Every structure is written in structure tokens, then in C-alpha cells.
Protein chains: 2
Amino acid sequence: MLSNASKYAIRAVLFLAEKSEMHQKYSAVEIAEALEIPNHFIAKLLQQLAKNHIISSTKGPNGGFYLNAKNLQLKVCDILNVIEIKKVFEGCFLGLPKCSDVNPCPVHHVVAGFREKILVKFEHQTIQEFADEVKLKGTFISHKGLSPSI
Amino acid sequence: MLSNASKYAIRAVLFLAEKSEMHQKYSAVEIAEALEIPNHFIAKLLQQLAKNHIISSTKGPNGGFYLNAKNLQLKVCDILNVIEIKKVFEGCFLGLPKCSDVNPCPVHHVVAGFREKILVKFEHQTIQEFADEVKLKGTFISHKGLSPSI
DNA sequence: TATAAAAAATACTAAATAGTATTATATTAA
DNA sequence: TTAATATAATACTATTTAGTATTTTTTATA
Ligand code: SF4
Ligand code: SF4
């Protein structure tokens, strides 16, 4: 549903959000290692995000990526709008035409309901809030030392 | 979420299910034209389905693809098991590790709920039932003459 | 001001998915 | 038994997504 690129980007931003209180910067390499994401791949994504002012960066020694106060108030879907080219929640789940509540397909209510809910989440929840929720609930964003559960 | 291949396959089977009362056979070309799907692509998918006994076929003049009574009692997910290589509903939506109800990610309940529901649909609803529901509710499975709504 | 650290930019390879073309085989019916 | 029709099989090309490598630019600091 989401591309690897989008998933990586979200996790990287969550990582930076979690660290944002310390006002420290993290290099692409550090982030890649922490999240076990391909080094150069995440670097490219971070650059795209920085270019679009979703995250912040400074070059040179002691430089790196970080989130400022403004970044933290952006929405989760702002990340997706940069990384995910094709709109994620568009297009028919079954490739059928003319979807509507009038002539719904057998999965209409399940799919439409899901899309509605996840979209509201992504459009309304700030990166800050998202990260806080992750922290509060003890969700792991790093695979390190964990065997995959799914 | 689903590949084009899976979507095409489902629509093709729905098409055959709808026609199954007439005990007529349809060539790959006819199906492709009716559903506006690439000719050779759907032919290949139909062959795979026939090989795995999800649909039936006969060669030669007046041959073609069709569904017998047994085919109609198969489940929708039987189609996906043939076409979709990687399991559709596995893997974390956000690429996070250790998903569970104990430490849920911010979209856990939305995603887990959706997966549960759609999986139940696909595993329990027969092709016959699926097609009947489509017919009853007037869902379009062909794009012909329709401008896309989404 | 030289050096090193890090982002930024560019260019590339690999793998997966999507789609096309060609040939072989089976079946029916004239 | 030959011709036509349709599936079946094989092999190919194109596009998208994923991932890698190399070079350039910026900047802190020694
Ligand atoms: S609800 Fe059904 S018809 Fe509508 S977009 Fe989703 S799968 Fe397609
Ligand atoms: S519920 Fe959340 S943590 Fe679990 S698989 Fe889905 S996205 Fe990942």
C-alpha cells in the first residue's frame, strides 16, 4: 500500500521527532543504522524532505538532519506528499469503475471506511502528536535487536 | 495494495461468474474487450487460474473460459492465492517491527481492523456470492462507456 | 586557510511488476 | 483429414520501484 520509500521516510521522521528535544542533529548514516534502512536510500529521501522543508538540515561538521518547531507541527501526510508519487488512497481497490455508495462493490464499506479513517489520521495528526503517541504506547520504530513479528 | 494482475483476475472471474448461468464460454479476447484489460495479459492470468482449477477452460473452436459449479463455490481469496505472489495482507503498514495490541502504532486499530474485515470477506465469501452481490447492487465491473469516477 | 564532516547532487545497477509477441498444442467441425 | 479456433507455453520488452556508488558543495573548527 505504501512504498518502501514512504515507510522509510515516516520512520526516519519519527526517529528525528523522538530526538528533537535534545536539539541534536543526526547524519543519514546514523539514522540508517538506527533504523536498519539502506544507507544511501534514506539519505536521498532525507534530502528530498529537507528540500521541501518537511525536515531541517545543516551541512558540514556537526551537521545533520533534525526537526525544528515548525517541522513538528506539519502533518504526517506532508511526508507522503513529498515521497509517494502516486496518491496512496486513490484508485479502486478492485480496479472497478464507478464506485459510489449507490452501487457499492462487495468490499465498498470496508475499503471506504478504512480510507476515510486513515486519511483523517494522516491529515490531522501532526508529526509531533504522531511521535508522542508512538512514544507513549511504547511502539518500536527500530528493528534493532528485534525479530520480526509479522 | 493489490497488483494490477490480481485486480484484472478478480474482475475476469466476476465476469465469468455473471455469465455462468448461460453455460457459454468466453475467449480471452472477449473478456479482455469486455473489461478493457490488455489482451495478452489477461490471457496469461486466465491460463494460470485454469491450471490451478480456479476456473475452467476448453480449447479449440467454441472453446473458451467458464466457471463450473465447483468453481463458483471457491472463495475469492483462492484467486489471490494463485495470482498475488507476496501475501497481500502481511507486513507492517508503516514498516515498523513488533506490531501488537500491547504496543500499537498510531494506525494500529485502523489498519488491523481493516485487514481483519477484508480478510474475512475474501476467505468466507464464495465467488458465486461475490458475483451475486455485485449484480444485486448494480456494481459496474466493466469500464466500457464509463468515465472513471476516482 | 587547510582539513574533515556532512548534506546535496548526479548517475548508475538491480529487481519487481506490467505488458507484448510468437509459437505450439488441442479440439471441433466442415 | 484439413482448416479454423482457441488455449497453453515460452520468451521477450518496458516501466516502475528499490537500492548503490560517485562526485560536488557547504561549513565548522583546528
Ligand atoms: S469501495 Fe469497492 S468499488 Fe469503490 S473503490 Fe473500493 S473496491 Fe472499488
Ligand atoms: S498496526 Fe501499525 S504497527 Fe501493526 S502492522 Fe499495522 S502499521 Fe504496523
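Here the structure is a predicted model, which is why all the values come from computation and not from measurement. In the text below, chain A, chain B and the rest are named by the order of the sequence lines, each starting its count at 1.
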Taking only nitrogen or oxygen atoms into account, show me every contact under 3.5 Å that the protein makes with nucleotides 19-22 of chain D, one pair per line with its distance.
{"unit_1": "dG19(D)", "atom_1": "OP2", "unit_2": "Tyr8(A)", "atom_2": "OH", "d": "3.3"}
{"unit_1": "dG19(D)", "atom_1": "O6", "unit_2": "Lys44(A)", "atom_2": "NZ", "d": "3.1"}
{"unit_1": "dT20(D)", "atom_1": "O4", "unit_2": "Lys44(A)", "atom_2": "NZ", "d": "3.3"}

Practice task
Anything under 30° is parallel, anything over 60° is perpendicular, the rest tilted; go ahead and classify Phe114(B) against Phe114(A).
Solution key: parallel
Practice task
Can you sort out which residues in residues 13-20 of chain B have a heavy atom within less than 4.0 Å of DNA chain C? Ascending by number, please.
Solution key: none
Handout entry: Footprint string (nucleotides 1-6 of chain D, 5' to 3'): B base within contact, S backbone only, - free, heavy atoms under 4.0 Å
Key = ---BBB
Problem - Gap between atoms CG and C1', on Leu45(A) and dT17(D) respectively (whole Å) - result: 12 Å
Exercise for the section: Could you tell me the separation between the NZ atom of Lys51(B) and the P atom of dT10(D), rounded to a whole number of Å? Expected result: 7 Å
Completion exercise
CG of Leu45(A) to CZ of Arg11(A), rounded to nearest 0.5 Å, is 12.0 Å
Handout entry: Steps toward side chain to side chain contact (heavy atoms under 4.5 Å, CB included) verdict (Ile10(B), Leu2(B))
Key = CA-CA 10 Å; Ile10(B) 289 174; Leu2(B) 294 180; 4.3 Å; yes
Exercise for the section: Heavy atoms only: give me the nearest Cys105(B)-Leu94(B) pair and the separation to one decimal. Expected result: SG-CD1, 4.0 Å
Practice task
Could you tell me which non-hydrogen atom of Ala12(A) sits nearest to which non-hydrogen atom of Ile42(A), and how far apart they are?
Solution key: CB-CD1, 3.7 Å
Completion exercise
In whole angstroms, the gap separating P of dA9(D) from CG of Asn52(B) amounts to 11 Å
Practice task
For Asn71(B) and Ser56(B), work out which heavy atoms get closest and say how close.
Solution key: OD1-OG, 2.6 Å
Exercise for the section: Working to the nearest 0.5 Å, report the span between OG1 of Thr126(B) and CG of Leu74(B). Expected result: 9.0 Å
Practice task
Provide, to the nearest angstrom, the distance between the CD atom belonging to Gln24(A) and the P atom belonging to dA28(D).
Solution key: 17 Å
Practice task
In whole angstrom, give the distance that lies between atom CD of Gln47(B) and atom C1' of dA21(C).
Solution key: 13 Å
Handout entry: Salt-bridge criterion met for Lys121(A) and Glu133(A) (N-O under 4.0 Å)
Key = yes
Completion exercise
In whole angstroms, the gap separating C1' of dT16(D) from CD1 of Ile83(A) amounts to 16 Å
Handout entry: Tyr26(A)/Tyr66(A) aromatic ring centres below 6.0 Å
Key = no
Practice task
Rounded to the nearest angstrom, tell me the gap between atom CE in Met1(A) and atom P in dT17(D).
Solution key: 15 Å
Completion exercise
Taken in chain and number order and not counting sequence neighbours, the residues that satisfy ring-ring contact (aromatic ring centres under 6.0 Å, His included) with Phe122(B) are none
Side-chain donor-acceptor pairs of residues 47-54 of chain B under 3.5 Å, sequence neighbours excluded:
{"unit_1": "Asn52(B)", "atom_1": "ND2", "unit_2": "Gln48(B)", "atom_2": "O", "d": "2.8"}

Problem - Distance in angstrom units between Lys25(B) NZ and dA26(C) C1', rounded - result: 13 Å
Handout entry: Shared hydrophobic cluster, Ile118(A) / Leu119(B) (ILVMFWY, side-chain heavy atoms < 4.5 Å)
Key = yes
Exercise for the section: Search all heavy atoms of Arg115(B) against all heavy atoms of Phe93(B) and return the closest pair with its distance. Expected result: NH2-N, 4.1 Å
Problem - Five-pair end axes of the helix from dT1(C)-dA30(D) to dA30(C)-dT1(D) and the angle they enclose, rounded to 10° - result: 10°
